[in-house]
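First the structure, in the form of structure tokens, and then the observations on it.
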Amino acid sequence: MWTNYIQPPLPLELSDTNGRVLSDNANSVKVEDRAFHEWYRFVLSYPPHLVREYIHRFSLNPGNVLLDPFCGTGTTLVEAKLGKLHGIGTEANPFPHFASSVKTDWSVSPTEIETAATQVADSAYKMLLEQGLDDNIISQGNSIPLRQLPATAEKALIKNSISPLPLHKTLVLLDNIKAFSNTPFYRYGLLALGKALVTTIGNLKFGPEVGVGKQKQDVAVIAAWLIEIDRIVRDLRSLDDRAFPPTHVHLTDAREIGTILPACSVDAVITSPPYPNEKDYTRTTRLESIILGFAEDIHGVQTVKRQLVRSNTRSVYSTDDDEQWVVSHKEIQRLANEIEQRRIELGKNSGFERQYARVTQLYFGGMARHLAGLRRVLKPGARLAYVVGDQASYLRVMIRTGALLADLAERLDYQVEGIDLFRTRFATATQVDLREEVVVLKWPGFKK
């Protein structure tokens, strides 16, 4: 399909220093699981097979309601739909919310997407040719004035996360996609461009943190986009039928979930909240969010941060008060005091370092607030799985996230069924293995 456009190389698989493919990563997506999930996916997302395991363990059947209150890019929601469960998600970050919504809407005709994409590609290609740019010829010189983002939008991007010429081509392509804004195709075309931006068009690299890699002076932008369109079309055509239950994704703060959903409406929860560390989760989606218009500038990004559980010092504000939820929790207060004492001993006095103790309290306070509000929407007997990880980001003080989350849940009258080991990962800073775990809970109902 679309053979008139050159095909850029696909992203390389991760490999070790001997060139062997690292296929034993428990967080990776198996080939047979890529349908729908690979339309757009966080690099830090948990794998689909983990969701299926807990769907099976919780004995969920078609028609049951499965909630993911931190749904991100929709791993749980896609698996719920494939299992013919009613999926409900909440997500405060606009672009992941959009991605989850599109990834779980399979009602559109794949032929309609294919036809519209062909028109968009041909129109964008012709427009670039008229400017003296052939998108099928890479590393060409050019002397034309290139389009740019507004200064406020550019300032919100990670510096050098996209090169000038690929950005220009992307904006031309985006204009042509927007010409179809009143059609079912539009959302899929936009999501495909978001995926192409982070995997092929931009200069991002993903490791423990999102950063900037090798600068690409030119990219076959239209071809990169068509690869993602083709993925969507193929997955939709693979469906044997369209008799899947609807999925509902709410753009909202997970700490307010008790005010969003009907009482006693949820059979199970499978989710992965943010971990208490120094990862700014809005950076992961910054490139596509700004270019595609889901945030206009840094103020828009900050608005999003205010709707997230506080998990890093770059999203802490003076008016935050979630720490009140854990003021009497001795272990969390001990951890906060240990972090603060370590900071003083080491002479760490930057503004961010001074917030380490407070963000620890805010994180667990925010999770307690979430769990408290969640009780209202759960059916008695509802089962829950929270994927969380130990952390030592704050001056190497170990935070056993799973154990603390289980204790908070128990104090809110949840029953703790267990803490399962998902995987371990070696932390170079502390030279110890950190556990990623699944905290398994049961909600017995409110005491009478």
Side-chain angles (χ1 to χ4, degrees), residues 54 58 65-72 76 88-93 248 250-276 281 305-312 315-317 319-336 358-389 399-419 437-448:
Y54 285 92
F58 293 169
V65 176
L66 176 58
L67 168 68
D68 185 347
F70 301 91
C71 72
T76 292
I88 299 176
T90 63
E91 173 57 46
N93 191 337
H248 297 96
H250 301 270
L251 181 63
T252 192
D253 186 337
R255 295 169 296 177
E256 301 291 338
I257 197 163
T259 67
I260 303 298
L261 304 180
C264 298
S265 59
V266 172
D267 294 290
V269 174
I270 301 175
T271 192
S272 181
Y275 304 172
Y281 291 93
K305 288 183 178 184
R306 290 180 183 273
Q307 302 301 310
L308 304 174
V309 169
R310 306 297 187 257
S311 62
N312 66 86
S315 61
V316 172
Y317 299 92
T319 56
D320 291 341
D321 61 1
D322 280 349
E323 66 263 44
Q324 65 181 315
W325 285 85
V326 294
V327 69
S328 63
H329 195 290
K330 292 182 179 179
E331 177 59 16
I332 293 172
Q333 298 306 318
R334 185 199 67 78
L335 269 176
R358 184 168 182 236
V359 76
T360 302
Q361 296 168 316
L362 286 170
Y363 171 78
F364 286 107
M367 289 304 300
R369 178 179 157 195
H370 157 72
L371 288 168
L374 179 64
R375 296 174 298 182
R376 175 184 169 274
V377 309
L378 297 174
K379 294 179 181 179
R383 309 279 297 282
L384 304 90
Y386 279 72
V387 183
V388 294
I399 299 176
R400 301 294 184 189
T401 311
L404 288 169
L405 187 63
D407 187 67
L408 287 173
E410 200 164 39
R411 291 170 184 238
L412 291 166
D413 296 326
Y414 290 86
Q415 295 171 356
V416 178
E417 295 192 335
I419 300 178
E437 300 169 323
V438 184
V439 179
V440 184
L441 307 171
K442 184 176 182 179
W443 173 241
F446 287 105
K447 296 177 180 178
K448 296 182 179 179

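Below, all heavy atoms of this structure are taken into account, side chains as well, without hydrogens, waters or symmetry copies.
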Q: Please round to the nearest 0.5 Å and tell me the distance separating atom CG of Asn312 and atom CZ of Arg310.
A: 9.5 Å
Q. Who passes side-chain contact (heavy atoms from CB on, under 4.5 Å) against Arg375, sequence neighbours left out?
A. Ala372, Leu412, Tyr414, Trp443, Phe446
Q. Shortest non-hydrogen contact from Ile257 to Leu67?
A. CD1-CD2, 3.6 Å
Q | For Pro69 against Tyr386, the heavy-atom pair lying closest together | A | CG-OH, 4.2 Å
Q.
Among residues at least two apart in sequence or on other chains, which ones pass salt bridge (charged side-chain N to carboxylate O under 4.0 Å, His left out) with Arg369?
A. Glu256, Asp322
Q | Validation row: Pro276, Thr401 side chains within 4.5 angstrom (heavy atoms) | A | yes
(Q) Any non-hydrogen side-chain atom of Leu405 less than 4.5 Å from a side-chain atom of Leu371? (A) yes
Q. Do Gln333 side-chain atoms and Val326 backbone N/O form a donor-acceptor pair below 3.5 Å?
A. yes
Q) Rounded to the nearest 0.5 Å, what separation is found between the CZ atom of Arg400 and the CG atom of Leu335? A) 10.5 Å
Q.
Could you work out, with ring pair (Phe, Tyr, Trp, His ring centres under 6.0 Å) as the rule, every residue matching Tyr317, not counting sequence neighbours?
A. none
Q | Considering all heavy atoms, the nearest Gly402-Val439 contact | A | O-CG2, 3.6 Å
Q) Listed by chain and number, what are the side-chain hydrogen bond (donor to acceptor under 3.5 Å, both in side chains) partners of Asn93, not counting sequence neighbours? A) Thr285
Q. Can you name the residues that form a salt bridge (charged side-chain N to carboxylate O under 4.0 Å, His left out) with Arg411, not counting sequence neighbours?
A. Asp407
Q) Which heavy-atom pair separates Asp253 from Arg306 by the least distance, and what is that distance? A) OD2-O, 4.3 Å
**Q.** Partner residues of Arg358 under the salt bridge (charged side-chain N to carboxylate O under 4.0 Å, His left out) criterion, sequence neighbours left out
**A.** Glu323
(Q) Could you check whether any side-chain N or O of Arg255 sits under 3.5 Å from a backbone N or O of Gly366, counting only pairs where one atom can act as donor and the other as acceptor? (A) no
Q. Rounded to the nearest 0.5 Å, how far does CD1 of Ile88 lie from CD1 of Ile260?
A. 11.5 Å
Q.
As an exercise, state the distance from CD of Gln307 to OG of Ser315, rounded to the nearest 0.5 Å.
A. 12.0 Å
**Q.** Residues that Tyr281 engages under ring pair (Phe, Tyr, Trp, His ring centres under 6.0 Å), provided they are two or more places apart
**A.** none
**Q.** Val388 side chain near Pro273 side chain, heavy-atom distance below 4.5 Å
**A.** yes
Q: Identify the heavy atoms of Pro380 and Pro444 that sit nearest to each other, and give their distance.
A: CB-O, 3.8 Å
Q: Answer yes or no: is there a donor N or O on one side and an acceptor on the other, between the side chain of Asp68 and the main chain of Thr271, under 3.5 Å?
A: no
Q) Salt bridge check: are Glu417 and Arg383 linked by an N-O gap of less than 4.0 Å? A) yes
Q) At their closest point, which heavy atom of Phe70 faces which heavy atom of Ser272, and how far apart are they? A) CB-O, 3.8 Å
Q | Under the salt bridge (charged side-chain N to carboxylate O under 4.0 Å, His left out) test, residues paired with Glu91 that sit two or more places apart | A | none
(Q) Test of understanding: with side-chain hydrogen bond (donor to acceptor under 3.5 Å, both in side chains), list the residues that count as partners of Thr360, not counting sequence neighbours. (A) none
Q. Is it the case that more than 12 heavy atoms not belonging to Lys379 sit under 6.0 Å from its NZ atom?
A. yes
Q: With rounding to the nearest 0.5 Å, note down the distance linking CZ in Phe364 to CG in Leu408.
A: 7.0 Å
Q. Got a sec, which residues hit side-chain hydrogen bond (donor to acceptor under 3.5 Å, both in side chains) with Glu410, two or more places apart in sequence or on another chain?
A. none
Q | Set of residues satisfying ring pair (Phe, Tyr, Trp, His ring centres under 6.0 Å) with respect to Tyr363, sequence neighbours excluded | A | none
Q) Residues two or more places apart in sequence or in another chain: which of them pass side-chain hydrogen bond (donor to acceptor under 3.5 Å, both in side chains) with Thr90? A) none
Q: Apply the test side chain to side chain contact (heavy atoms under 4.5 Å, CB included) to residues Leu441 and Val269: give CA-CA distance (whole Å), side-chain angles for both, the deciding distance (0.1 Å), then the verdict.
A: CA-CA 9 Å; Leu441 307 171; Val269 174; over 6 Å; no
(Q) Assess the residue pair Phe58 and Asp267 against the criterion (side chain to side chain contact (heavy atoms under 4.5 Å, CB included)); give the C-alpha distance rounded to whole Å, side-chain angles, the decisive distance to 0.1 Å, and a yes or no. (A) CA-CA 9 Å; Phe58 293 169; Asp267 294 290; over 6 Å; no
